Amino acid sequence: MLTENPAIDTYMSGSTAAVVIILHEDRCALIASVGDSRIILGRRDGDDVVAEQITTDHTCADDEELDRVTKNGARVEQMLTEDGKDGPLRIYKGTLPYPGLVVTRSLGDTCAIKLGVLCDPEVFERELSKRDRFFILASDGLWDGLDNGQVVKVVDKYESPQKASEVLNRKALKSLDAKAIDDNVTNVVVYL
């Protein structure tokens, strides 16, 4: 287990994850996510491809997630900057300035377990239809830079999932830079 490995310091270090296992014969997908890595589906709707968000972002913007961490004693507020409060809601321990987590579920970040931060993924099965075109799995940096609809429109332009992924990264990083947000961007495009 990750937290039991003494070579890995998980006290104030963690990650998010998103996984899709496609079962072609059964025309379904097994989906799991933890944190704010997101999975969306591009689905054909007439001549258009529309975005459908498949996973829930495990952050304090979700009422159930917020309720759990506050009931466990987390202080939840935006980060304080010179200009006042800024950015998404974050999880803090009492009056301390840490951990400052945006996510309510994480692989690691064991300093926040007592605050209700879980490592349990959301797992479910989803049927696939002939209208379903592709999945996009990505870290929060992509979604902070581009919205779901923008992402689907980019992917729909390319036959190569590798090329679509590269273009998404470039566009998201450019958008993050324009918004003065410092984050990384990771994504995988899977055509069905």
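Quick caveat, the model's predicted, so the values are computed rather than measured. Computed from heavy atoms alone, side chains included, the values below leave out hydrogens, waters and symmetry copies.
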Note to self: So Leu137 and Thr55, do their side chains get closer than 4.5 Å, heavy atoms only?
What the structure shows: no
The salt bridge (charged side-chain N to carboxylate O under 4.0 Å, His left out) partners of Arg75 (sequence neighbours excluded) come to Glu77
Applying side chain to side chain donor-acceptor pair (under 3.5 Å) to Thr16 and not counting sequence neighbours gives Ser37
Hits for salt bridge (charged side-chain N to carboxylate O under 4.0 Å, His left out) against Asp156, two or more places apart or cross-chain, chain-then-number order -> Arg44
I'd like a table of donor-acceptor pairs (distance under 3.5 Å, sequence neighbours excluded) in which one partner is a side-chain atom from residues 113-122, with atom names and distances.
residue : atom : partner : partner atom : Å
Glu122  : OE1  : Thr56   : N            : 3.4
Glu122  : OE1  : His58   : NE2          : 3.4
Glu122  : OE2  : Thr56   : OG1          : 3.4

The salt bridge (charged side-chain N to carboxylate O under 4.0 Å, His left out) partners of Lys85 (sequence neighbours excluded) come to none
Sorted by chain and number, sequence neighbours left out, side chain to side chain donor-acceptor pair (under 3.5 Å) with Arg90 holds for none
On a heavy-atom basis, the closest approach of Val152 and Phe134 is O-CZ, 3.8 Å
Shortest non-hydrogen pair, Pro99 vs Cys111, comes out as CB-SG, 3.6 Å
Rounded to the nearest 0.5 angstrom, the NZ-CG distance for Lys93 and Leu96 is 7.5 Å
Here the side-chain hydrogen bond (donor to acceptor under 3.5 Å, both in side chains) pairs for residues 137-152, sequence neighbours left out, are Arg38-Asn148, Gln53-Asn148
More than 12 heavy atoms of other residues, nucleotides or ligands under 6.0 Å from NZ of Lys179: yes or no? yes
> Are Arg131 and Glu52 close enough for a salt bridge, meaning some N to O gap below 4.0 Å?
Replying inline: no
Sorted by chain and residue number, the side chain to side chain contact (heavy atoms under 4.5 Å, CB included) partners of Gln162 (sequence neighbours excluded) come out as Ser160, Glu166
Output for pair (Arg43 CZ, Asp132 CG), nearest 0.5 Å, gives 4.0 Å
Can I get a per-line list of side-chain donor-acceptor pairs under 3.5 Å for residues 28-36, giving both atom names and the distance, sequence neighbours left out?
none

Taking every heavy atom of Val76 against every heavy atom of Cys60, the minimum-distance pair comes out as CG1-SG, 3.8 Å
Residues passing the side chain to side chain contact (heavy atoms under 4.5 Å, CB included) test with Thr95, sequence neighbours excluded, are none
Value for OG1 (Thr70) from CG (Leu89), rounded to nearest 0.5 Å, stands at 11.0 Å
Scanning both residues in full, the closest heavy-atom pair of Ala138 with Leu142 reads CB-CD2, 3.3 Å
So the salt bridge (charged side-chain N to carboxylate O under 4.0 Å, His left out) pairs with at least one residue in residues 94-113 (sequence neighbours excluded) are Glu65-Arg105
For residues 181-192, please give each side-chain donor-acceptor pair under 3.5 Å, one per line with the distance, not counting sequence neighbours.
residue : atom : partner : partner atom : Å
Asn187  : OD1  : Ser165  : OG           : 2.8
Asn187  : ND2  : Ser165  : O            : 3.2
Asn187  : ND2  : Ser165  : OG           : 3.4
Asn187  : ND2  : Asn169  : OD1          : 2.7
Tyr191  : OH   : Val155  : O            : 3.3
Tyr191  : OH   : Tyr158  : O            : 2.6

Between Ala51 and Ile40 the two heavy atoms that sit nearest each other are CB-CD1, 4.4 Å
Identify whether Ile39 and Val103 are in the same connected component of the hydrophobic contact network (ILVMFWY, side-chain heavy atoms under 4.5 Å). no
Interatomic distance, CD1@Ile54 vs CG@Leu41, rounded to 0.5 Å, equals 4.5 Å
